[in-house]
Each structure stands twice: as structure tokens, then as C-alpha cells.
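Each remark here refers to the structure printed beneath this line.
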Amino acid sequence: MIDLHIHSTNSDGYYTVQEILKMAEEKKINTISFCDHNVLGAYEELKNIDIEKYYKGKIITGIEFDFVYNKKDFHILGYNFDVEKLKKSKFIDRRTEKELIKIEEENLEFFKSVCKSLGIKLSENLKITKSSEPANDIIKSDMQKHKENDTILDNILGKDRKKSFWLGSVTNPESPFYIDFTKNLPTVIEIADEIHKAGGIVVLPHVFEYKSIDNISFLNDMYNLKILDGIECVHSKHNNEQVEFLMNFCREHHLLMSGGSDFHTDERQTLGYTELGEIEDKFCLKNK
């Protein structure tokens with residue numbers, strides 16, 4: 001069992017690097033990768049940790065970068081790169097915790113105003129305490145605590161509440177919750193070049209998680225740029241049919257297959273698993 005898409009408190013995950021190492025060991029996950037957003041903090045931490053004290057498996061270097069495409073914010077994964085080389089990239093986020101919290105405070109106030117205009121009830125005194133708990137997570141969680149919001153949330157999050165608030169609303173220009181995060185974002189070609197220069201491979205994640213685009217066209221557009229080394233076939237938001245489609249796409253185009261839970265918190269995902277079961281070794285950046 002593997003999990004090549006894990007977020008720690010270095011970006012928007014809820015668990016520390018050490019806590020995730022312990023969890024991975026307990027679950028007998030043999031290969032993991034920390035893929036925090038635009039930062040390499042997990043790998044700086046690992047330098048000062050006696051890793052074998054917590055985890056006996058393999059750790060593959062990973063990162064999840066934001067990029068702009070068709071005026072929208074998308075993600076791309078990098079794996080197996082040299083941390084010291086990639087650390088020099090201008091696309092690594094070097095903002096301080098204080099700066100990040102200030103941004104999230106501004107986002108939270110915006111979301112509050114939108115909720116008020118839509119008649120969505122929120123708890124009082126919602127606030128940002130750390131950058132790893134962003135405003136969109138706080139608002140999404142709190143909206144669901146109030147039964148009077150159910151009708152509105154059926155449209156925003158779906159009746160099963162599994163729609164991504166981030167991808168379906170916050171980064172969707174058609175949504176009142178939209179925030180333009182694309183300012184100053186690099187293109188996917190620029191990001192791919194940085195990953196490749198650092199000796200890494202480029203993997204397109206969660207193709208079917210995006211709800212406001214033609215997913216197949218997006219996949220083909222990314223492939224036609226000739227920058228991809230692989231596709232994240234298994235993801236928490238992918239069903240059996242989508243996984244099979246992506247596996248066949250990889251076979252046809254000789255791409256590596258990856259798999260990850262996109263773990264942030266066990267309230268949303270399960271480390272090493274998706275709803276389809278455990279993430280198998282064949283998705284550990286292999287092509288068969």
C-alpha cells in the first residue's frame with residue numbers, strides 16, 4: 001500500500017510530519033510522499049528527524065504547485081526531485097506564517113460577507129489561528145453545522161456534501177465565493193521546467209476533481225504540451241470508471257501511474273485509502 005499525495009501542516013494539512021509518519025507506519029503504508037502546496041517545509045523538517053524512529057518505509061520527494069490555465073487555478077505534482085535544487089526555484093512560496101494568516105483573515109471576512117448576502121448562517125467569532133487552517137476550510141465546516149443552511153448547501157456542496165468547496169466555489173469564477181488566486185501564478189510549462197531541471201518528474205493530479213471544466217479536454221491539453229511524465233489515476237474523488245479511464249490513458253501514452261488520497265485530515269480522507277480501497281503499489285509511479 002502507498003500514498004503519494006499527502007499534505008502536512010507545512011501547507012493546509014492538519015497533521016505534522018511526525019504525526020503522518022507515525023500514521024503511515026501504523027497503517028503499514030510502504031511508500032509515501034509529502035506534497036504540500038508550493039512549499040518544501042516537510043523535507044526541511046525530515047532532515048532533523050530520526051525518520052526510522054517513526055517510519056520504516058520509503059519517502060519520495062513531492063510537491064503540489066499551483067498554476068494558471070485559462071484564467072483558472074489548477075494543480076500539478078512534482079516527484080523524485082532534488083530538494084536543494086528545487087528549493088532555489090522562484091515559484092517556491094516563501095511567505096511567512098504571519099503574512100499567510102493575514103491573507104486568510106482577509107479571505108475569511110470576504111466569505112463571511114458572501115454568506116450574509118446569501119442568508120447562510122455562521123457561528124460567531126470565526127477566526128484564523130494558523131495558516132494550515134485556511135478560510136475556505138473554516139467556512140465550509142461551519143456552514144454545515146447549521147441545519148437551516150441545508151437547502152443552500154445542497155446546491156453548493158451537493159446532498160452528500162462531497163463536492164469540493166475550493167474547486168467548485170472558491171476558484172470558480174461563476175460562484176459568489178470566487179477569489180482570483182491566479183494573479184502572478186506561473187504557467188504549467190514554467191512549473192514543469194523547474195521540476196524537470198531539479199531532476200524530478202511531472203504528474204497531473206485529480207483530473208476529475210475539477211467540476212467547472214471539460215475534464216477530458218483538460219487532460220488532453222495538458223498531455224499535448226509534452227510536459228507530463230505521469231497521471232494521478234487513483235484519487236479520493238475518482239470513481240472506478242474514472243480510474244480505469246486514466247489507467248488506459250497512461251498505457252496508451254506510456255505515462256507513469258500515480259495514486260494518492262490527497263490527505264489533509266482524516267475527517268475528509270483516509271491515509272493510504274480511497275473509497276475504492278487501499279492504494280496499490282502498482283500506482284507508485286509505475287507504467288504497468
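Defined by atom type and a distance below 3.5 Å, a donor-acceptor pair is present between the side-chain atoms of D3 and S261. Side-chain polar atoms of Q269 and H7 form no donor-acceptor pair below 3.5 angstrom. For the residue pair S123/H146, the side-chain donor-acceptor check at 3.5 Å is satisfied.
Formation of a donor-acceptor pair under 3.5 Å by the N220 side chain with backbone atoms of I216 is found in this model. Between the side chain of Y43 and the backbone N or O of F34 there is at least one donor-acceptor pair closer than 3.5 Å. At distances below 3.5 Å, at least one donor-acceptor pair connects side-chain atoms of T171 with backbone N or O atoms of W166. Side chain of T265 to main chain of R268: no donor-acceptor pair is present (N/O by atom type, distance under 3.5 Å, no hydrogens or angles). Of the possible polar contacts, one joining the S113 side chain to the F110 backbone as a donor-acceptor pair under 3.5 Å is found.
By the 6.0 Å contact criterion, CD on E19 is enclosed, its count of non-hydrogen atoms from other residues, nucleotides or ligands being greater than 12. Applying the 6.0 Å contact sphere to CD of E267 captures no more than 12 heavy atoms from other residues, nucleotides or ligands. Environment of CD in E241: sparse, with no more than 12 heavy atoms of neighbouring residues, nucleotides or ligands closer than 6.0 Å.
Under a hydrophobic clustering in which Ile, Leu, Val, Met, Phe, Trp and Tyr are joined whenever their side-chain heavy atoms come within less than 4.5 Å, directly or via other members, Y54 and I20 fall into the same cluster. A chain of hydrophobic side-chain contacts below 4.5 Å, direct or via other Ile, Leu, Val, Met, Phe, Trp or Tyr residues, connects I2 to M247. By the rule that hydrophobic residues join a cluster once side-chain heavy atoms approach within less than 4.5 Å of another member, L46 and V39 end up as members of separate clusters. Cluster membership check: L228 shares its hydrophobic cluster with F245, using side-chain heavy-atom separations under 4.5 Å among Ile, Leu, Val, Met, Phe, Trp and Tyr. By the rule that hydrophobic residues join a cluster once side-chain heavy atoms approach within less than 4.5 Å of another member, I103 and Y178 end up as members of separate clusters.
The shortest non-hydrogen separation linking V207 to N215 is O-ND2, 2.9 Å. Scanning all heavy atoms of the two residues, the minimum distance from S164 to K237 falls at CB-NZ, 3.8 Å. Among all heavy-atom pairs drawn from M222 and F67, the shortest one is SD-CZ, 4.0 Å. Residues Y79 and G62 approach most closely at CD2-CA, 4.1 Å, considering heavy atoms. In plain terms, the two heavy atoms of C284 and I60 that are nearest each other are SG-CD1, 4.1 Å. Closest heavy-atom contact between L100 and S131: CB-CB, 3.7 Å.
With salt bridges taken as basic N to acidic carboxylate O contacts below 4.0 Å, one links K147 and D150. At a threshold of 4.0 Å, the pair K88-D82 does not count as salt-bridged, since none of the basic side-chain nitrogens sits closer than that to a carboxylate oxygen. Note on E109 versus K112: salt bridge recorded, some NZ/NE/NH1/NH2 to OD/OE distance being below 4.0 Å. Classification of K197 and E194 as a salt-bridged pair holds, one side-chain N sitting under 4.0 Å from a carboxylate O.
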Handout entry: side-chain contact (heavy atoms from CB on, under 4.5 Å) evaluation trace for L21 with I59
Key = CA-CA 10 Å; L21 292 176; I59 301 174; 3.9 Å; yes
Exercise for the section: Output, in order, the C-alpha distance, side-chain angles, deciding distance and verdict of side-chain contact (heavy atoms from CB on, under 4.5 Å) for L108 and I139. Expected result: CA-CA 7 Å; L108 184 60; I139 287 292; 3.7 Å; yes
Practice task
Check step by step if side-chain contact (heavy atoms from CB on, under 4.5 Å) holds for M257 and L285.
Solution key: CA-CA 5 Å; M257 294 188 291; L285 302 175; over 6 Å; no
Handout entry: Trace of the side chain to side chain donor-acceptor pair (under 3.5 Å) decision for H5 with E64
Key = CA-CA 9 Å; H5 196 157; E64 186 167 25; 3.0 Å; yes
Exercise for the section: Check the pair Q18 / I49 against side-chain contact (heavy atoms from CB on, under 4.5 Å), numbers first and verdict last. Expected result: CA-CA 8 Å; Q18 289 186 4; I49 294 175; 3.6 Å; yes
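Interatomic distance, I231 CD1 to S258 OG, rounded to the nearest 0.5 Å: 9.5 Å. Note that CG of L122 and SG of C115 are 4.5 Å apart. Values are rounded to the nearest 0.5 Å. The CE atom of M143 lies 4.5 Å from the CZ atom of F165; values are rounded to the nearest 0.5 Å. Taking CG of D142 as the reference point, atom CZ of F111 lies at 13.5 Å (rounded to 0.5 Å). Separating the OG1 atom in T9 from the NE2 atom in H264 is a distance of 12.0 Å, to the nearest 0.5 Å. In this structure, the separation between OG1 on T182 and CZ on F74 is 10.5 Å, given to the nearest 0.5 Å.
A heavy-atom distance below 4.5 Å is found between the side chains of I156 and I120. Residues Q144 and L157 meet the side-chain proximity criterion, which asks for heavy atoms closer than 4.5 Å. For the pair I63 and L40, the minimum side-chain heavy-atom distance is below 4.5 Å. Here the side chains of L276 and V234 are not in contact, with every heavy-atom distance at 4.5 Å or above. Looking only at side-chain heavy atoms (C-beta outward), R251 and N287 stay at 4.5 Å or farther from each other. Side-chain contact check for C233 versus C250: some heavy-atom pair is nearer than 4.5 Å. L219 has its side chain within reach of L246: a pair of non-hydrogen atoms, C-beta onward, lies under 4.5 Å apart. The closest side-chain heavy-atom distance from L4 to F283 is not below 4.5 Å.
Ring-plane geometry between Y15 and F263 is classed as parallel, the angle between the planes falling under 30 degrees on a 0 to 90 degree scale with a further cut at 60. By the 30° and 60° cut-offs, the orientation of the rings of Y223 relative to F249 is perpendicular.
Scanning for side-chain contact (heavy atoms from CB on, under 4.5 Å) contacts around D66 gives H37, N38, D73, H75, L185, with sequence neighbours left out. N30 is linked by a side chain to side chain donor-acceptor pair (under 3.5 Å) to D281, counting only residues two or more places apart in sequence or in another chain. Every salt bridge (charged side-chain N to carboxylate O under 4.0 Å, His left out) that R95 has, sequence neighbours left out, goes to D93.
Within the structure, the salt bridge (charged side-chain N to carboxylate O under 4.0 Å, His left out) test picks out no pair touching residues 221-236 (sequence neighbours left out). Among pairs with a residue in residues 43-58, those fulfilling salt bridge (charged side-chain N to carboxylate O under 4.0 Å, His left out) read E44-K47, E44-K87, K47-E84, at least two apart in sequence or across chains. For the salt bridge (charged side-chain N to carboxylate O under 4.0 Å, His left out) condition, the pairs that include at least one residue of residues 118-134, sequence neighbours left out, are K130-E133.
For F91 and F65, the ring centers sit 6.0 Å or farther from each other.
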